[in-house]
Structure formats: structure tokens, C-alpha cells
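Note that the coordinates shown come from a computational prediction; the quantities given were computed from them, not determined experimentally. All values below come from the heavy atoms of this structure, side chains included, with hydrogens, waters and symmetry mates left out.
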Amino acid sequence: MKEITAKELETKRIAEEKLNIIDVREDEEVAMGIIPGAKHIPLGQIPERLDELNKNEHYYMVCRSGGRSGSACDFLIQNGYNVTNMAGGMLDWKGETE
């Protein structure tokens with residue numbers, strides 16, 4: 001599984017690269033702050049919401065600490081998606097949130 005640090009992802013965001021970020025945390029966690037532009041799909045809803053993801057796109061998966069997003073990556077990779085896990089999750093995120 002590919003991984004990226006929170007700092008590396010923030011650098012890409014600041015450089016205005018086209019990023020598809022999926023936050024797999026629960027509603028109450030996302031309410032405390034989400035990376036601007038990220039799409040919220042709780043981990044348990046990923047299988048039923050695959051139609052919202054494009055296999056021709058690349059996605060960065062985010063959760064609180066990197067564990068749930070890692071599980072999401074494993075599932076998505078098995079289903080043919082191109083994904084990268086943000087190691088350390090939002091605990092390591094020092095960038096802007098909304």
C-alpha cells in the first residue's frame with residue numbers, strides 16, 4: 001500500500017495540485033475539522049458508495065490516525081482503485097481544516 005505523510009499531502013494541497021481526498025472518519029470526528037475539499041465517506045459506507053469513486057482517478061485516504069484509512073485502502077485496492085493512505089491521519093495534520 002502506498003503511503004504519504006500529512007506534511008507531503010499538505011505540500012501538494014498548497015501547490016494546488018488536483019487532489020481527491022476521502023475522509024473515512026465518522027460524522028462526529030469530521031465535525032471537529034476536515035481537510036478543505038475532502039469528501040466524507042465513513043469507512044462503513046465505502047462498499048455501498050463505490051459508485052461515487054472513479055477507477056481512473058487517484059485518491060488519498062484519511063482517518064484519525066491512519067488505521068481505518070489503511071483498511072479503506074486495502075478494500076479499494078482489491079476492487080481496482082488507485083489509492084494512497086495518509087500515514088498518521090488527522091492527528092499528524094497541521095494544515096488548514098474546515
Side-chain angles (χ1 to χ4, degrees):
M1 173 191 329
K2 294 179 283 191
E3 286 195 327
I4 190 170
T5 66
K7 182 152 187 60
E8 289 168 334
L9 188 59
E10 173 64 0
T11 299
K12 288 178 176 291
R13 202 179 82 72
I14 290 169
E16 297 183 4
E17 287 186 32
K18 181 184 182 295
L19 301 174
N20 296 306
I21 301 171
I22 308 292
D23 192 319
V24 300
R25 296 176 297 157
E26 297 301 317
D27 293 344
E28 58 274 6
E29 294 172 291
V30 169
M32 292 185 266
I34 188 169
I35 297 171
K39 180 179 183 81
H40 177 222
I41 305 177
L43 179 60
Q45 294 178 20
I46 297 261
E48 66 208 43
R49 293 178 65 182
L50 285 179
D51 62 332
E52 296 177 37
L53 305 179
N54 181 340
K55 287 188 178 179
N56 296 318
E57 297 281 339
H58 177 260
Y59 296 93
Y60 293 96
M61 308 305 291
V62 176
C63 70
R64 180 176 173 270
S65 63
R68 283 174 287 174
S69 54
S71 296
C73 283
D74 287 338
F75 175 80
L76 290 167
I77 289 165
Q78 289 171 10
N79 284 277
Y81 290 87
N82 181 11
V83 295
T84 299
N85 188 33
M86 187 176 89
M90 290 301 286
L91 291 176
D92 284 355
W93 183 259
K94 305 294 184 238
E96 182 183 347
T97 59
E98 58 184 20

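Here the straight-line distance linking atom CD of E8 with atom CD of E3 works out to 10.0 Å at 0.5 Å rounding. We find the CD1-OG1 distance between I4 and T11 to be 8.5 Å, quoted to the nearest 0.5 Å. Taking SG of C63 as the reference point, atom CD1 of I22 lies at 13.5 Å (rounded to 0.5 Å). Distance check, rounded to the nearest 0.5 Å: CZ of R64 to CD of E29 gives 7.5 Å. Note that NZ of K55 is 8.0 Å distant from CG of L50, once rounded to the nearest 0.5 Å. From I77, atom CD1 reaches atom CG of N85 across 9.0 Å, with rounding to the nearest 0.5 Å.
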Given the rule in the side chain to side chain contact (heavy atoms under 4.5 Å, CB included) test, do I46 and M61 qualify, once you have shown the distances and angles that lead to the verdict? CA-CA 11 Å; I46 297 261; M61 308 305 291; 4.1 Å; yes
List the steps and the verdict of side chain to side chain contact (heavy atoms under 4.5 Å, CB included) for L53 and Y81. CA-CA 8 Å; L53 305 179; Y81 290 87; 3.6 Å; yes
For L19 and H58, run side chain to side chain contact (heavy atoms under 4.5 Å, CB included): C-alpha distance rounded to whole Å, both residues' side-chain angles, the deciding distance at 0.1 Å, then the answer. CA-CA 8 Å; L19 301 174; H58 177 260; over 6 Å; no
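Across every non-hydrogen atom of G70 and M1, the tightest pair is O-CE, 3.4 Å.
A side-chain N or O of N82 and one of K2 form a donor-acceptor pair less than 3.5 Å apart.
In this structure a side-chain-to-backbone donor-acceptor pair under 3.5 Å is missing from Y59 to L76. In terms of modelled atom types and a separation under 3.5 Å, the side chain of D23 and the main chain of R25 share a donor-acceptor contact.
For E28, the CD atom is densely surrounded, since the number of other residues' heavy atoms within 6.0 Å is greater than 12. Heavy-atom neighbours of R13 CZ from other residues, nucleotides or ligands within 6.0 Å: above the threshold of 12.
By the rule that hydrophobic residues join a cluster once side-chain heavy atoms approach within less than 4.5 Å of another member, I34 and V62 end up as members of separate clusters.
Residues E10 and K7 are not paired through a salt bridge, judged by the lack of any N-O separation under 4.0 Å between the basic side chain and the carboxylate.
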